[in-house]
Amino acid sequence: MIALGSDHGGFALKSAIIKHLENRGLEYKDYGCYNTDSCDYPVFGRAAAEAVADGTCDKGIVVCTTGIGISIAANKVKGIRCALCTSTNLAKMTRLHNNANMLALGASVVSEELAMDIVDTFLDTEFSNEERHIRRVEMIEK
């Protein structure tokens with residue numbers, strides 16, 4: 001299950017991600033927002049992050065205009081490693097090396113097509129489980 005969250009600036013891209021996940025047959029839970037009315041990204045970034053942190057969802061994807069604010073909000077939740085990615089390489093590396101459990105995207109930064117490629121890379125890449133990366137993730141968690 002994938003937790004989703006966005007603010008008004010990320011709502012359209014989150015809606016496209018929902019369709020993409022449905023086409024892939026992946027389950028998700030949308031933690032808001034639910035329209036383009038102005039709202040506060042920390043509310044929805046935190047809600048999605050808490051769902052990942054408590055095990056309700058396996059991974060999360062959050063979207064705001066730049067991806068910066070909502071990623072900062074998500075990373076305030078203990079146990080969350082949310083990475084703002086602007087390329088498939090970054091999505092791959094954050095899964096391989098950081099075992100990131102949340103992806104942040106900026107709706108004004110990446111095209112819809114690139115966003116779907118980043119989402120797929122993030123969801124399909126497993127953590128490397130190399131000792132050095134395990135050690136580093138443990139250091140982050142402390």
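Bear in mind that the values here come from a model prediction, so they are computed numbers and not experimental data.
Residues Val63 and Asp7 have side chains not in contact (no heavy-atom distance under 4.5 Å, counting atoms from C-beta outward). Under the 4.5 Å side-chain criterion, counting only non-hydrogen atoms from C-beta, Leu13 is not in contact with Ser6. Looking at heavy atoms from C-beta onward, Leu105 lies out of side-chain contact with Leu84 at the 4.5 angstrom threshold. Residues Lys59 and Leu103 form no side-chain contact, since every pair of their non-hydrogen atoms from C-beta on lies 4.5 Å or further apart. Side-chain contact between Met116 and Val110 is absent, with no heavy-atom pair separated by less than 4.5 Å.
In the displayed structure, Glu141 atom CD is contacted under 6.0 Å by more than 12 heavy atoms of other residues, nucleotides or ligands. For Lys92, the NZ atom is loosely surrounded, since the number of other residues' heavy atoms within 6.0 Å does not exceed 12. For CD of Glu27, the number of neighbouring non-hydrogen atoms (other residues, nucleotides, ligands) closer than 6.0 Å is 12 at most.
Cys64 pairs in a side-chain contact (heavy atoms from CB on, under 4.5 Å) with only one of the listed residues (Ile68, Val62, Thr66), which is Thr66.
With rounding to the nearest 0.5 angstrom, the OG atom of Ser38 is 4.0 Å from the NE2 atom of His8. Once rounded to the nearest 0.5 Å, the distance linking CE of Met93 with OG of Ser87 reads 10.5 Å. Considering OH of Tyr28 and CD1 of Ile17, their distance stands at 12.0 Å, rounded to 0.5 Å. In this structure, the separation between NE2 on His20 and OG on Ser15 is 14.5 Å, given to the nearest 0.5 Å. To the nearest 0.5 Å, atom OG1 of residue Thr88 and atom CG of residue Asp120 are 10.5 Å apart. To the nearest 0.5 Å, atom CD1 of residue Ile80 and atom CD1 of residue Ile140 are 12.5 Å apart.
Residues Ile118 and Ile2 share a single hydrophobic cluster, defined by chaining ILVMFWY side chains whose heavy atoms lie under 4.5 Å apart. The hydrophobic clustering, which links ILVMFWY residues whose side-chain heavy atoms are closer than 4.5 Å, places Ile18 and Tyr34 apart. Ile70 is not connected to Val109 by any chain of hydrophobic side-chain contacts under 4.5 Å among Ile, Leu, Val, Met, Phe, Trp and Tyr, and they are in different clusters. In the hydrophobic clustering of ILVMFWY residues, with side-chain heavy atoms under 4.5 Å counting as a link, Tyr31 and Met102 come out apart.
Counting only distance, with no hydrogens or angles, the side chain of Asn35 and the backbone of Asp37 share a donor-acceptor pair below 3.5 Å. A donor-acceptor distance shorter than 3.5 angstrom exists from the side chain of Lys14 to the backbone of Cys33, with no hydrogens or angles considered. The main-chain N or O of Thr121 is found under 3.5 Å from a side-chain atom of Thr125 such that the two form a donor-acceptor pair. Between the Ser128 side chain and the Leu96 main chain, a donor and an acceptor come within less than 3.5 Å of each other. The backbone N or O of Cys82 sits less than 3.5 Å from a side-chain atom of Asn75, completing a donor-acceptor pair. Between the side chain of Asn101 and the main chain of Gly79, a donor-acceptor pair closer than 3.5 Å is present. In terms of modelled atom types and a separation under 3.5 Å, the side chain of Asn99 and the main chain of Phe127 share no donor-acceptor contact.
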For salt bridge (charged side-chain N to carboxylate O under 4.0 Å, His left out), just list the numbers for Glu131 and Arg135, CA-CA rounded to whole Å, side-chain angles, deciding distance to a tenth of an Å, and then say yes or no. CA-CA 6 Å; Glu131 186 278 329; Arg135 181 180 71 245; 2.8 Å; yes

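Ring orientation note: the planes of His133 and His97 are close to parallel, at an angle under 30° on the 30°/60° scale.
Taking all atoms of both residues into account, the shortest heavy-atom contact from Ala107 to Gly9 is CB-O, 3.4 Å.
No salt bridge links Arg95 with Asp124; every basic N to acidic carboxylate O contact stays at or beyond 4.0 Å.
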Only distances under 3.5 Å count here; give the side-chain donor-acceptor pairs of residues 42-58 to other protein atoms, sequence neighbours excluded, each with its distance to 0.1 Å.
from  : atom 1 : to    : atom 2 : distance (Å)
Arg46 : NH1    : Glu50 : OE2    : 3.3
Asp54 : OD1    : Thr56 : N      : 2.8
Asp54 : OD1    : Thr56 : OG1    : 2.6
Asp58 : OD2    : Met1  : N      : 2.9

